[in-house]
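Everything on this sheet refers to the single structure shown next.
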Amino acid sequence: MPNASYPGRLTRDNAALLIVDHQVGLLTGVRDIEVSTLTHNIVGLAKAMIALKIPVVVTTTTERLWGPLIPELQQALPGIERIERTTVNAWDDARVVAAVEKTGRKNLIVSGVSTDVCLAFPAMSALQDAYTTYAAIDASGAFSKEQAEHGVRRMVQAGVIPVCYSNVAGEILADNAAPEANDVYGALSMPFAGLVTGLNQYFSSRK
């Protein structure tokens, strides 16, 4: 019997990604995950969503204080303009809400720095506005492990669904025979996925 709380699958038609405050100054304070790993994960998530044609909304806060979006993410999202705001909670900025609404999607994947504020606040607020929200934990970062743990606990209690950067991409991809599969796995840049992709290309060339 299906679980009544299960919202169903993430798909190409129902999902959107909201990236919050992955800024140079904020990443310098991240302590619950290696900054290089966090950068790898958020860039991989962004590239995979682009490959799958999932709408992406990017927002930063008060760049004169916290610096610009990290350059790796800027390079991964060419042509996508970021919304610079002053509000702590991204969902308190009407432009961010409007950009998400414009996607027409009701399943919202959110990542942010920090986990307990820039991720948690908009994820919980969007939930109140009838979105199903997914917190990409390993594409987010906090200033201590305790802050990360409490932030995740608070989100789960509110009804936000915790996920990882690679499993949401895999869920949306759905079929390894899809034409975007190589681009998605290449974007995720997981060593074993790269091996599989290389083998696939090798055997395809021998047909």
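Here the structure is a predicted model, which means the values were calculated and not measured.
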Can any side-chain N or O of Asp138 pair as donor or acceptor with the backbone N or O of Tyr165 at less than 3.5 Å? yes
Given the rule in the side-chain contact (heavy atoms from CB on, under 4.5 Å) test, do Cys118 and Val113 qualify, once you have shown the distances and angles that lead to the verdict? CA-CA 5 Å; Cys118 305; Val113 177; 5.6 Å; no
In this structure, which one of Val160, Val163, Leu108, Asn167 forms a side chain to side chain contact (heavy atoms under 4.5 Å, CB included) with Tyr134? Val163
Other residues, nucleotides and ligands only: do more than 12 of their heavy atoms fall within 6.0 Å of CZ on Arg9? no
Between Arg31 and Ser144, is there a donor-acceptor pair closer than 3.5 Å when you use the side chain of the first and the backbone of the second? no
Could you state the interatomic distance from OG1 (Thr11) to CG (Leu173), rounded to the nearest 0.5 Å? 12.5 Å
Under the side chain to side chain contact (heavy atoms under 4.5 Å, CB included) test, residues paired with Ala148 that sit two or more places apart: Asp32, Ala142
For Thr59 and Ile83, indicate whether the former's side chain and the latter's backbone hold a donor-acceptor pair under 3.5 Å. yes
Carefully, step by step, assess Val43 and Gln75 under the rule side-chain contact (heavy atoms from CB on, under 4.5 Å). CA-CA 9 Å; Val43 170; Gln75 293 169 11; over 6 Å; no
Enumerate the residue pairs fulfilling salt bridge (charged side-chain N to carboxylate O under 4.0 Å, His left out) with a member in residues 46-71, sequence neighbours excluded, ordered by first and then second residue. Glu63-Arg82
Near Arg12 CZ, under 6.0 Å, is it more than 12 heavy atoms from other residues, nucleotides or ligands? yes
Give every residue pair that meets the side-chain hydrogen bond (donor to acceptor under 3.5 Å, both in side chains) criterion with at least one member in residues 170-179, sequence neighbours excluded. Asn176-Tyr185
Please give me the minimum heavy-atom distance between Ile42 and Ser111, naming the atom from each residue. CD1-OG, 3.3 Å
Counting N and O atoms only, with roles assigned by atom type, does the side chain of Thr103 sit under 3.5 Å from a partner on the main chain of Val100, one being a donor and the other an acceptor? yes
Can you check whether Gly141's main-chain N or O pairs, donor with acceptor, with Asp116's side chain at less than 3.5 Å? no
Using the test side chain to side chain contact (heavy atoms under 4.5 Å, CB included), find all partners of Asp129 that sit at least two apart in sequence or belong to another chain. Trp91, Tyr131
Closest heavy-atom pair, Gly112 versus Leu119, reported as atoms and distance to 0.1 Å, is N-CB, 3.8 Å
Are the side chain of Thr37 and the backbone N or O of Ile33 linked by a donor-acceptor pair below 3.5 Å? no
Heavy-atom nearest pair, Ala130 first then Lys106, reads O-CE, 3.4 Å
Would a single hydrophobic cluster contain both Leu38 and Phe143, if residues Ile, Leu, Val, Met, Phe, Trp and Tyr are joined by side-chain heavy-atom contacts under 4.5 Å? yes
Side chains of residues 17-28: which donor-acceptor pairs under 3.5 Å do they make with residues two or more places apart or in other chains?
| unit_1 | atom_1 | unit_2 | atom_2 | d |
| --- | --- | --- | --- | --- |
| Asp21 | OD1 | Thr61 | N | 3.2 |
| Asp21 | OD1 | Arg85 | NH1 | 2.8 |
| Asp21 | OD2 | Arg85 | NH2 | 3.0 |
| His22 | ND1 | Val20 | O | 3.4 |
| His22 | NE2 | Ala139 | O | 2.8 |
| Gln23 | OE1 | Thr61 | N | 2.9 |
| Gln23 | NE2 | Thr61 | O | 2.9 |
| Gln23 | NE2 | Gly67 | O | 2.8 |
| Thr28 | OG1 | Gly25 | O | 2.5 |

Here the gap from Leu127 atom CG to Thr133 atom OG1, rounded to the nearest 0.5 Å, amounts to 4.5 Å
Would Met155 end up clustered with Val88 when hydrophobic side chains under 4.5 Å apart are linked, directly or stepwise? yes
Residue pair Gln74 / Pro68: nearest heavy atoms and the distance that separates them: NE2-CB, 4.2 Å
For Ser125, the side chain to side chain donor-acceptor pair (under 3.5 Å) test, sequence neighbours excluded, returns Asn89
Using the rule that two of Ile, Leu, Val, Met, Phe, Trp, Tyr join whenever any of their side-chain heavy atoms come within less than 4.5 Å, decide whether Leu188 and Ile172 are in one cluster. yes
Gln147 vs Ser114 side-chain heavy atoms within contact, under 4.5 Å: no
Are Leu77 and Val110 co-members of a hydrophobic cluster defined by side-chain heavy atoms under 4.5 Å apart? no
What are the two closest non-hydrogen atoms of Ala76 and Ile50, and how far apart are they? O-CG1, 4.5 Å
Using every non-hydrogen atom in the two residues, find where Val117 and Pro122 come nearest and quote the distance to one decimal. O-CD, 3.6 Å
Do Phe121 and Ile161 share a hydrophobic cluster, counting only Ile, Leu, Val, Met, Phe, Trp and Tyr and linking them when any side-chain heavy atoms are less than 4.5 Å apart? no
